[in-house]
Amino acid sequence: MRTPFYLLVLATLCSLAAGAGKQLAETKQLPEWDELAFNIEDSKSRVGIAPIYLSVSRLTPESGNLVGTYSIEVPIMNSKNDFGKIVLPLDVTVAELGKNGGVLRGNAYSEKKDKPPNKIVCRILPHNNQQILLAITTADRTLNFESRYTIIKLAKDS
């Protein structure tokens with residue numbers, strides 16, 4: 001006895017829908033999304049003869065963003081020192097970003113009163129000794145920093 005064609009088509013569609021549902025469920029349950037973070041080494045840049053130092057805290061995934069804090073120190077001009085929060089929207093997991101690299105564009109929100117957010121571009125280069133290039137655009141100029149990163153696994157309770 002042959003199975004009618006419409007039943008074969010229906011069975012195939014159900015199978016495809018079940019597979020897509022399983023893939024969607026797996027996508028929503030990516031454990032590495034919340035369990036990995038970036039540690040970025042401190043770095044230095046220059047504007048003319050003035051050294052500028054950048055420190056970035058651990059960048060952790062929060063609500064679809066990589067979030068951390070930063071501090072910028074300009075030893076010869078303390079009024080230019082800054083600190084605040086970095087928010088970089090993510091469209092991939094931290095694991096994928098660490099493996100394949102990519103470019104994240106977001107903002108650096110200063111804690112200083114009445115200071116607008118600065119644009120930040122973060123290029124992650126996993127195949128070049130895990131380099132990270134940060135470009136922070138301020139009202140005066142774009143500051144370029146080059147550093148290295150490591151990806152760490154977060155403890156369940158952090």
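All residue numbers in this chain count up from 1 along the given sequence. No experiment lies behind these values; they were computed from the predicted model shown. Reckoned from all heavy atoms, side chains included, excluding hydrogens, waters and symmetry mates.
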- prompt: Stepwise, does the side-chain contact (heavy atoms from CB on, under 4.5 Å) test hold for S110 with N118?
  reply: CA-CA 8 Å; S110 177; N118 293 320; 5.6 Å; no

- request: Walk me through it: do V47 and D140 pass the test side-chain contact (heavy atoms from CB on, under 4.5 Å)?
  value: CA-CA 11 Å; V47 173; D140 300 324; over 6 Å; no

query: What's the verdict on side-chain contact (heavy atoms from CB on, under 4.5 Å) for K119 and N107, showing C-alpha distance, side-chain angles and the deciding distance?
result: CA-CA 5 Å; K119 298 291 180 197; N107 290 302; 3.5 Å; yes

message: Between T138 and K80, does the side-chain contact (heavy atoms from CB on, under 4.5 Å) criterion hold? Intermediate values first, please.
response: CA-CA 11 Å; T138 69; K80 295 291 185 178; over 6 Å; no

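To the nearest 0.5 Å, atoms CZ (F145) and CD1 (I40) are separated by 12.0 Å. Between the CG atom in D42 and the OH atom in Y53 there is a gap of 11.0 Å [rounded to 0.5 Å]. Atom NZ of K112 sits about 6.5 Å away from atom OG of S79, to the nearest 0.5 Å. Interatomic distance, CG of N100 versus NE2 of H127, reported as 6.5 Å (0.5 Å rounding). A distance of 11.5 Å separates OG1 of T60 from CZ of F38, quoted to the nearest 0.5 Å. The distance from the CD atom of E146 to the NZ atom of K44 is 13.5 Å, given to the nearest 0.5 Å.
The side chain to side chain contact (heavy atoms under 4.5 Å, CB included) test with L134 is passed by exactly one of L54, I86, L143, L104: L54.
T142 places none of its side-chain heavy atoms less than 4.5 Å from the side chain of V121. Residues D82 and S71 form no side-chain contact, since every pair of their non-hydrogen atoms from C-beta on lies 4.5 Å or further apart.
Minimum heavy-atom separation, P75 to P51: CD-O, 3.4 Å. Residues R46 and I49 approach most closely at NH2-O, 3.3 Å, considering heavy atoms. The two atoms that bring P89 and G106 nearest to each other are CD-CA, 3.9 Å, heavy atoms only.
A donor-acceptor pair under 3.5 Å is formed between the side chain of R148 and the backbone N or O of N129. When atom types are taken as modelled, the side chain of S45 and the backbone of N144 share a donor-acceptor pair closer than 3.5 angstrom. A donor-acceptor pair under 3.5 Å links the side-chain atoms of N81 to the main chain of V74, judged by distance alone.
Under a hydrophobic clustering in which Ile, Leu, Val, Met, Phe, Trp and Tyr are joined whenever their side-chain heavy atoms come within less than 4.5 Å, directly or via other members, I151 and L59 fall into the same cluster. In terms of hydrophobic clustering, with Ile, Leu, Val, Met, Phe, Trp and Tyr side chains grouped at heavy-atom distances under 4.5 Å, I120 and V67 are assigned to different clusters. The hydrophobic clustering, which links ILVMFWY residues whose side-chain heavy atoms are closer than 4.5 Å, places I124 and L36 together. When the side chains of ILVMFWY residues are joined at heavy-atom separations under 4.5 Å, either directly or via intervening members, L88 and F83 end up in two distinct hydrophobic clusters. In the hydrophobic cluster analysis, where Ile, Leu, Val, Met, Phe, Trp and Tyr join through side-chain heavy atoms closer than 4.5 angstrom, L97 is grouped apart from V87.
Judged by distance alone, the side chains of S43 and S147 never bring a donor and an acceptor atom under 3.5 Å apart.
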